[in-house]
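One structure is given below, encoded as C-alpha cells.
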Amino acid sequence: MTQVNPQAVPDLIRAERHAALRRLAASLSHALGTPLNVISGRAELIELDAEELPDILDSAQTIRRQALRISDMLKQVLAQLDELDEQSETYDFGALLTSIRSELPSAQLKVAPAVEARGLRRGERAQAFLLQLIRWAQDVGALEELEMASSKLGIEFRLRLRPLDVSDIRTALEPWIHREQTETRQGALTLRPAEAVQLAVALGHARDAGAELELRHALDHSLLVAAWPALG
C-alpha cells in the first residue's frame, strides 16, 4: 500500500478543500446566476409592456429588484470563496485569444502586448461572455471592433459599437451597467426589447463573475467596457 508522507497531508487536505470550493462556486453560479439573469430580463420586458397597468408594473419592478438583490448576494458569496482560494480557476489568456480570433477579422481585434501573458479569473466564463457578446453585436449589426488592454482590475475588454439609442429601453441595462442618458442621434441603432434583454443577460453573467461593466457614448459610437479580474 502506498505510504502518504504525513507532512504532505495538510497540503492534500487544502487541495481537496479548494477543489470542493471551486465546484461549489461553479454550481452556485450555474444554478442561481443564470435563472436570476433570465428572471430580471423577463421582468424588464413585462415593465416595458405594462406602462399603463400600475399594478402589473409595480409587481414586475419588485421581481426585478429582488432578482438583483439575490444576484448581489451570490456575487458576495463567490467573492468570499475567491478569498479562500486566491488561485481559483486560473486560465491561460492565449486560449481566449485563439477563440476570439476565430470569430473576428484581424482588423476588428486590437490586443495590447501587455495583456497576452495574463491569467484570468473565471477565464472560461470570460471567453463565453465575449463570444456571446461578439455574436450578439454581429446579429444586431452594431459591431465595429474589440480592444483588449490592461486595467486596474486586470484586463479591460472594450467593444466598440455603432451608436446605440437606448433611451426607449429605460432600465433594461441598468441592473448591470451604468447607462448614460443620451439624445437620439442620427444613424443610431435602436435596440428592440428582446435584443436589449439578450444583452442584459450576457452582462449579468459577466457581472456575476466579478466583471465591472460600463456603457459609454460618443457622437460616432458606443463603447461597452468590461473590466475583468486577472491574476498577477
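We use all heavy atoms of the structure for the numbers below, so side chains are in, but hydrogens, waters and symmetry mates are not.
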With the 4.5 Å side-chain cut-off for hydrophobic clustering, are Ile56 and Leu45 part of the same group? no
Would Glu47 and Ile63 satisfy side-chain contact (heavy atoms from CB on, under 4.5 Å), going step by step from the backbone distance to the final call? CA-CA 10 Å; Glu47 288 182 56; Ile63 291 170; over 6 Å; no
Locate the shortest heavy-atom distance separating Leu213 from Ala226; write the atom from each residue and the value. CD2-CB, 3.5 Å
Show the nearest heavy-atom pair for residues Gly41 and Val197, with the distance to one decimal. O-CG2, 3.6 Å
Closest heavy-atom pair and its distance - Pro163, His221: CG-N, 3.7 Å
For the atom pair CD (Glu44) and CD (Gln61), what is the distance rounded to the nearest 0.5 Å? 9.0 Å
Common cluster, Phe129/Val111, ILVMFWY with side-chain heavy-atom separation under 4.5 Å: yes
Atom pair CE (Met73) and CG (Leu68), whose distance is rounded to the nearest 0.5 Å: 12.0 Å
Is it the case that the side chain of Ser151 and the backbone of Ala227 share a donor-acceptor pair, with hydrogens and angles ignored and the cut-off at 3.5 Å? no
Can you check whether Val225's main-chain N or O pairs, donor with acceptor, with Arg216's side chain at less than 3.5 Å? no
For Leu161 versus Ala137, what's the shortest heavy-atom pair and its separation? CD2-CB, 3.7 Å
Residues at least two apart in sequence or cross-chain that pass salt bridge (Lys or Arg N to Asp or Glu O under 4.0 Å) with Arg158, listed by chain then number, are Glu147, Glu156
Under the side-chain contact (heavy atoms from CB on, under 4.5 Å) test, which residues partner Ala128, sequence neighbours left out? none
Atom pair CD/CD of Gln108 and Glu103 - distance to nearest 0.5 Å: 11.5 Å
Is there a side-chain contact (heavy atoms from CB on, under 4.5 Å) between Ser71 and Arg207 once you walk through the steps? CA-CA 9 Å; Ser71 180; Arg207 182 177 177 273; 3.7 Å; yes
Kindly indicate whether the side chain of Thr62, heavy atoms from C-beta on, has any atom under 4.5 Å from the side chain of Arg65. yes
Examine distances only and state if a side-chain atom of Trp136 and a backbone atom of Glu195 form a donor-acceptor pair shorter than 3.5 Å. yes
Val115 to Ala149 - nearest heavy-atom pair and separation: CG1-C, 3.4 Å
Who are the side-chain contact (heavy atoms from CB on, under 4.5 Å) partners of Ile100, not counting sequence neighbours? Leu96, Leu104, Leu109, Leu130, Leu131, Ile134, Leu146, Met148
Do Ile46 and Ile39 belong together in a cluster built from hydrophobic side chains that touch within less than 4.5 Å? no
Is there a side-chain contact between Leu223 and Glu144, using heavy atoms and a 4.5 Å cut-off? no
Counting only N and O atoms by type, is there a donor-acceptor contact under 3.5 Å from the side chain of Ser59 to the main-chain atoms of Asp55? yes
I'd like to know whether Leu203 forms a side-chain contact (heavy atoms from CB on, under 4.5 Å) with Leu224, so could you lay out the CA-CA distance, the side-chain angles of the two residues, the decisive distance to 0.1 Å, and finally the verdict. CA-CA 10 Å; Leu203 296 175; Leu224 179 57; 4.0 Å; yes
Report whether Leu191 and Val38 are members of the same hydrophobic cluster (ILVMFWY, side-chain heavy atoms less than 4.5 Å apart, transitive linking). no
